[in-house]
Enquirer: 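This is the structure I have questions about; it appears just below.
Residue numbers start from 1 in every chain, and the chains themselves are labelled A, B, ... in the order their sequence lines are given, proteins ahead of strands. Please read these numbers as outputs of a predicted model, since none were measured by experiment.
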Amino acid sequence: MLRSIKGVKDLLPSQTPSWHHMEATARSWAGRYGFSEIRIPIFELTELFSRSIGGATDIVEKEMYTFPDRDGSSLTLRPEGTAGVVRAVLEHRLLDSITTRKLFYFGPMFRHERPQAGRYRQFHQFGVEAFGIEDPNIDIEIISLLWNYFLDLELKDLTLHLNSIGTQQDRERYIQELKKFLSPNISSFCGNCQRRFTANPLRILDCKVPFCVEATHQAPSIIDLLSNDSGAHFQKILTGLKDLNIPFTINPRLVRGLDYYSRTTFEITSPHLGSQSTIGAGGRYDSLVELLQGPPTPAVGFAVGLERVSLLLPEESYPPATPCVFLAGFGTQGKPEAFKLLHTLRKNGITAETDHRATNLKALLRSADKLSAKYSIIVGDDEIQSGIVILRNMETKEQQSIPLKDLSEKIMILFQ
RNA sequence: GUGGGUGUAGCUCAGUUGGUUAGAGCGCCGGAUUGUGGAUCCGGAGGUCGCGGGUUCGAAACCCGUCACUCACCCCA
């Protein structure tokens, strides 16, 4: 038997209602906050991603689905959404108008990683991006949109982590300080961290090895070393979130993995997910638009991992199928007549079903029951002879005889 | 890429120190009710025991390899 590819998942009929719920709720909140939907391709020129995300990141180094197009150009299945949105925004000149500065998107992303709980090779994100706004109020808006979305989905025990990683210059200054602090006993750190010391010292703060955590406890905090501008921006966000009663934790160790982030970074985690605990994350990327040859344009956004959210959704019975009428037709004349009625009811806007495999009335009614039909219409050869069919209420078991010609009208009244 | 765990019916799982024809529950189909669903009872269908090799008189079980799934590391949503 042919199977699906490793790390990709089918969404089965039992799961699609909860996905509709996640998506509808996201649309509703994004709309309320003034974001408009954009739909962009799931593949782009490889260069778009390697330049945006950063050539030294794991994503670009080893996780992208990259393949040559027939003309030889290198294409890549998008590993994240922001780069493509920035490309589209520049291509279609959406930066100038207040109506197109705030965008949201849904869709599949692709990363070649080993699958794990809450991590897949094709996964789905809901993301928002706001362009051209320097004011910290937009950071607050975006964080509160994310927070309200999760609250509305009734996710429990969430933590909002906040940090500012400053501008490029702030970061360079900080990394020097950090290295100064670490260098005396770097040789006692784990092998990973020793590598990070030269490759990406910030990540040492993110290490989970107990020794490394302990040893960096007294490390200088980037927040204390921010430039005046970055520091003030961050402070305004903190007070703004307090004003909105959104609880947060300042986490100076919160380091984002993509190169384009600057200043504000944030992440919402849940303790109920195993090791992949981040369900939504984002931040500012003030230099990305310029990096992709647009005008200098500050920007901020987030992305939500919908598979992870779906794992946290409370058990709920989403509104099952709309009430339906079941056509129980059998016998040489009854079956074809019921099939015609099925068609007529559907044309009149009624949800109607039957079971083509069932041959006797017992099996037909059993199927009606499985489908949670509200009514069944019993049409056997006897009913064809008399021209009167039986309408059975499946909950009360009450039956009434209805002349065939009045049936549609009667059903329409029942379903009004 | 590295490490651990698990592979037996559609699903969840039993299967004794290796021993005859591999089981249960749920689900599916049928019957009890010649034309009336859910509950109950009865019956039926459904299996290359992941795959390949080896040990043995004999392997679902033991050994080797391999593949898949899964969790974790790394990293990320």
Enquirer: Within the structure provided, determine whether A:Asn148 and A:Arg32 are in side-chain contact (heavy-atom separation under 4.5 Å).
Expert: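 Counting from C-beta outward, A:Asn148 and A:Arg32 never come under 4.5 Å.
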Enquirer: Mind checking what makes side chain to side chain contact (heavy atoms under 4.5 Å, CB included) contact with A:Ser401, not counting sequence neighbours?
Expert: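 Here the qualifying residues are A:Ile388.
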Enquirer: Quick one: the dot-bracket string of RNA chain B, using Watson-Crick and G-U wobble pairs with both distances under 3.5 Å, [ ] for crossing pairs and | for bases paired to another strand.
Expert: (((((((..((((.....[...)))).(((((.......))))).....(((((..]....))))))))))))....
Enquirer: Roughly how many Å apart are B:A9 and B:A14, using the P atom of each and rounding to a whole number?
Expert: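 Rounded to whole Å, the distance is 12 Å.
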Enquirer: Once side chain to side chain contact (heavy atoms under 4.5 Å, CB included) is applied, do any residues pair with A:Ala117, and if so which ones, sequence neighbours excluded?
Expert: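 Once residues adjacent in sequence are excluded, A:Ala117 has no partner under the side chain to side chain contact (heavy atoms under 4.5 Å, CB included) criterion.
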Enquirer: Take the protein atom NE2 of A:His112 and the nucleotide atom C1' of B:C74, then report the distance between them rounded to whole Å.
Expert: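 Rounded to whole Å, this separation is 14 Å.
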Enquirer: Between A:Tyr285 and A:Tyr260, does the ring centre distance come in under 6.0 Å?
Expert: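 Ring centroids of A:Tyr285 and A:Tyr260 are less than 6.0 Å from each other.
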Enquirer: Hey, what are the protein-to-nucleotides 68-70 of chain B N/O distances that come in under 3.5 Å?
Expert:
from, atom 1, to, atom 2, distance (Å)
B:C69, OP2, A:Lys6, NZ, 2.9
B:U70, OP1, A:Lys9, NZ, 3.0

Enquirer: What contact category does A:Gly118 fall into here, base, sugar-phosphate, or nothing, at under 4.0 angstrom with non-hydrogen atoms?
Expert: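 Base: the residue A:Gly118, judged by heavy atoms under 4.0 Å, touches a nucleobase.
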Enquirer: Take the protein atom CD of A:Glu80 and the nucleotide atom C1' of B:C75, then report the distance between them rounded to whole Å.
Expert: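 In whole Å, B:C75 C1' and A:Glu80 CD are 15 Å from each other.
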Enquirer: Evaluate whether atom CZ of A:Phe43 has more than 12 neighbouring non-hydrogen atoms of other residues, nucleotides or ligands under 6.0 angstrom away.
Expert: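 Not buried by this count: 12 neighbours or fewer within 6.0 Å.
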Enquirer: What heavy-atom pair brings A:Tyr105 and A:Thr82 nearest, and what distance separates the two atoms?
Expert: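 Nearest pair, atom of A:Tyr105 first, then A:Thr82: OH-N, 4.0 Å.
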Enquirer: Would you say the base of B:C75 and the side-chain of A:Arg119 have a donor-acceptor pair closer than 3.5 Å?
Expert: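 Pair found.
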Enquirer: Measure from CG on A:Asp58 to C1' on B:A77 and round the result to the nearest Å.
Expert: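 My rounded result for the distance is 15 Å.
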Enquirer: Looking at CG of A:Asp139 and CD1 of A:Ile133, how far apart are the two atoms once the value is rounded to the nearest 0.5 Å?
Expert: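 Answer for the CG-CD1 pair, A:Asp139 versus A:Ile133, is 9.5 Å.
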Enquirer: Carefully, step by step, assess A:Glu353 and A:Arg346 under the rule salt bridge (Lys or Arg N to Asp or Glu O under 4.0 Å).
Expert: CA-CA 9 Å; A:Glu353 233 317 28; A:Arg346 288 169 174 167; 3.6 Å; yes
Enquirer: Measure the shortest side-chain to side-chain distance between A:Lys102 and A:Glu141 over non-hydrogen atoms and say whether it is less than 4.5 angstrom.
Expert: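 Heavy-atom side-chain distance check passes, below 4.5 Å.
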Enquirer: For A:Ile53 and B:C75, give me the distance from atom CD1 to atom P, rounded to whole Å.
Expert: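 After rounding, the reported distance stands at 17 Å.
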Enquirer: How far, in whole Å, is B:G46 from B:C41 if one measures between their P atoms?
Expert: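 Rounded to whole Å, the distance is 24 Å.
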Enquirer: Determine the Euclidean distance between corresponding P atoms of B:G38 and B:A32; express it in Å to zero decimal places.
Expert: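 Per the computed distance, 13 Å lies between those P atoms.
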Enquirer: How far, in whole Å, is B:C13 from B:U8 if one measures between their C1' atoms?
Expert: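 Rounded to whole Å, the distance is 9 Å.
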Enquirer: Quick one: list whatever passes side chain to side chain donor-acceptor pair (under 3.5 Å) with A:Asn360, sequence neighbours left out.
Expert: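 Testing A:Asn360 for side chain to side chain donor-acceptor pair (under 3.5 Å), a comparison that skips the adjacent residues, returns none.
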Enquirer: So if I take residues 28-39 of chain A and measure heavy-atom distances to RNA chain B, which residues fall below 4.0 Å?
Expert: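 Residues of residues 28-39 of chain A under 4.0 Å from RNA chain B: none.
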Enquirer: Taking only residues two or more places apart in sequence, or in another chain, which ones meet A:Tyr149 in a side chain to side chain donor-acceptor pair (under 3.5 Å)?
Expert: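 Per chain and number, A:Tyr149 pairs via side chain to side chain donor-acceptor pair (under 3.5 Å) with no residue.
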Enquirer: For nucleotides 8-10 of chain B, tabulate all protein N/O to nucleotide N/O atom pairs closer than 3.5 Å, reporting atom names and distance.
Expert:
none

Enquirer: Run the ring-centre check on A:His112 versus A:Tyr65 and record whether the distance is less than 6.0 Å.
Expert: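 Yes, ring centres under 6.0 Å apart.
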Enquirer: Mind checking what makes side chain to side chain contact (heavy atoms under 4.5 Å, CB included) contact with A:Thr278, not counting sequence neighbours?
Expert: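 For A:Thr278 the side chain to side chain contact (heavy atoms under 4.5 Å, CB included) partners, ignoring immediate neighbours, are A:Glu267, A:Thr269, A:Ala281, A:Arg308.
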Enquirer: Would you please name every residue forming a salt bridge (Lys or Arg N to Asp or Glu O under 4.0 Å) with A:Asp286, sequence neighbours left out?
Expert: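 Listed in chain order: A:Arg263, A:Arg284.
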Enquirer: Who are the salt bridge (Lys or Arg N to Asp or Glu O under 4.0 Å) partners of A:Glu91, not counting sequence neighbours?
Expert: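 Once residues adjacent in sequence are excluded, the partners of A:Glu91 under the salt bridge (Lys or Arg N to Asp or Glu O under 4.0 Å) criterion are A:Arg87.
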Enquirer: Take a 6.0 Å sphere around CZ of A:Phe339 and say whether it holds more than 12 heavy atoms from other residues, nucleotides or ligands.
Expert: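 No, the 6.0 Å shell around CZ holds no more than 12 heavy atoms from other groups.
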Enquirer: Mark up nucleotides 35-45 of chain B, 5' to 3', with B wherever a protein heavy atom is under 4.0 angstrom from a base atom, S wherever such an atom reaches only the sugar-phosphate, and - elsewhere.
Expert: BBBB-------
Enquirer: Determine the contact category for A:Glu267: base if any of its heavy atoms lies under 4.0 Å from a base atom, sugar-phosphate if only primed atoms, P, OP1 or OP2 are that close, otherwise nothing.
Expert: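 Nothing, no nucleic acid heavy atom in range.
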Enquirer: How long is the line joining NZ of A:Lys62 and P of B:G1, in whole Å?
Expert: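 That distance rounds to 11 Å.
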